[in-house]
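Each remark here refers to the structure printed beneath this line.
On a predicted model such as this, the values are computed, not experimentally measured, just so you know.
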Amino acid sequence: LKVKMRSTNEIEKYLAKEFNKDLIEKIILNLTKEGYLNDDYFTKCYINDSINLKNIGPNKIIHELKKLGIDKSIIDKNIKVFTSSKEEEKIKKIIDKTNKNKSVYNLKNNIKLNLINQGFNVEIIDKNINNINFDETSIYEKEYNKLYNKLSKKYTSYELEQKIKQKLYQKGLFK
């Protein structure tokens, strides 16, 4: 407790290594009475820190709190702070930081999978991913020139164009 706030479950597990159940219950009760243990306050602080300091969504926060032994009713009461507008704002920030040197299709899939893994809601992800607009022609030209330089040593004319088209299809860049 000196280092950081802990949940009641964390303290119980820590104390279980050295003390019996009766003594642990007394210690937990005493810490709760003194105000050092409060799962509700711990949950509020954890959610607030996660919103402000981490790029994770509400589903992942809920999962982490459950792993810490927080009661579902406490989580449900406090997670309401993470509104859909805050979630949308975080998603937009993550999308803006994403490296956009892939095809639109591959980029959208990669962003969506990453955001789902980070615990964001699929509906809000889809809403924001559909708003991604950028020019794919520079990526296409760059990839075409790279493939042309690489394959022109092995193939000529028609065969070269077919191989380039094949590689561009594989990368999702062919127009």
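- Heavy-atom minimum distance, Asn55 versus Phe120: O-CE1, 4.0 Å.
- When all heavy atoms are compared, the tightest approach of Leu151 to Lys163 is CD1-CB, 3.9 Å.
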For this session: Test Lys90 against Lys93 for side chain to side chain contact (heavy atoms under 4.5 Å, CB included), laying out the working first.
Result: CA-CA 5 Å; Lys90 283 189 136 329; Lys93 200 180 286 186; 5.6 Å; no

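- When side chains are defined from C-beta on, Lys167 does not count as touching Lys150, because their heavy atoms never get closer than 4.5 Å.
- Put simply, the side chain of Ile74 does not reach to within 4.5 Å of the side chain of Leu65, judged on heavy atoms.
- For the salt bridge (Lys or Arg N to Asp or Glu O under 4.0 Å) condition, the pairs that include at least one residue of residues 7-22, sequence neighbours left out, are Arg6-Glu10.
- One distance of note links CD1 of Ile11 with OG1 of Thr32; it measures 10.0 Å at 0.5 Å rounding.
- Taking all atoms of both residues into account, the shortest heavy-atom contact from Pro58 to Asn121 is CG-ND2, 4.1 Å.
- Every salt bridge (Lys or Arg N to Asp or Glu O under 4.0 Å) that Lys112 has, sequence neighbours left out, goes to Asp126.
- Every residue meeting the side chain to side chain contact (heavy atoms under 4.5 Å, CB included) condition with Tyr148, not counting sequence neighbours, appears here in chain and number order: Tyr144, Ser152, Leu160, Ile164.
- A salt bridge between Glu88 and Lys92 is present, with a side-chain N of the basic residue lying under 4.0 Å from a carboxylate O of the acidic one.
- Considering CG of Leu37 and CG of Asn30, their distance stands at 10.0 Å, rounded to 0.5 Å.
- Partners of Leu29 under the side chain to side chain contact (heavy atoms under 4.5 Å, CB included) rule, at least two apart in sequence or in another chain, are Lys33.
- Partners of Lys86 under the salt bridge (Lys or Arg N to Asp or Glu O under 4.0 Å) rule, at least two apart in sequence or in another chain, do not exist in this structure.
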For this session: Show your working on side chain to side chain contact (heavy atoms under 4.5 Å, CB included) between Ile28 and Thr8 and close with a plain yes or no.
Result: CA-CA 7 Å; Ile28 296 293; Thr8 305; 3.6 Å; yes

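- Here the straight-line distance linking atom CG of Asp39 with atom CE of Met5 works out to 9.0 Å at 0.5 Å rounding.
- Leu113 and Val122 are members of different hydrophobic clusters when ILVMFWY side chains are connected at heavy-atom separations under 4.5 Å.
- Heavy atoms only, all atoms of each residue included: Ile124 and Ser84 are closest at CD1-CB, 3.8 Å.
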Exercise. Can Leu68 and Thr43 be said to form a side chain to side chain contact (heavy atoms under 4.5 Å, CB included), step by step?
Worked result: CA-CA 10 Å; Leu68 292 171; Thr43 304; over 6 Å; no

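- Ile125 places a side-chain heavy atom less than 4.5 Å from the side chain of Ile116.
- Separation of atoms OH (Tyr46) and CD1 (Ile51) is listed at 12.0 Å; rounding is to 0.5 Å.
- Clustering ILVMFWY residues whenever any of their side-chain heavy atoms sit less than 4.5 angstrom apart, transitively, puts Ile62 in the very cluster that holds Val81.
- Residue Glu25 holds its CD atom at 11.5 Å from CG of Leu15, rounded to the nearest 0.5 Å.
- To the nearest 0.5 Å, atom OH of residue Tyr36 and atom OH of residue Tyr41 are 14.0 Å apart.
- Of all heavy-atom pairs spanning Ser7 and Ile70, the tightest one is CB-CD1, 3.5 Å.
- Applying the salt bridge (Lys or Arg N to Asp or Glu O under 4.0 Å) rule to pairs touching residues 63-83 yields Asp40-Lys77, Lys54-Glu64, Lys72-Asp76, sequence neighbours excluded.
- Although no hydrogens or angles enter the test, the distance criterion places no donor-acceptor pair under 3.5 Å between the side chain of Asn48 and the main chain of Lys44.
- Under a 3.5 Å cut-off, the side chain of Asn114 and the backbone N or O of Asn110 do not form any donor-acceptor pair.
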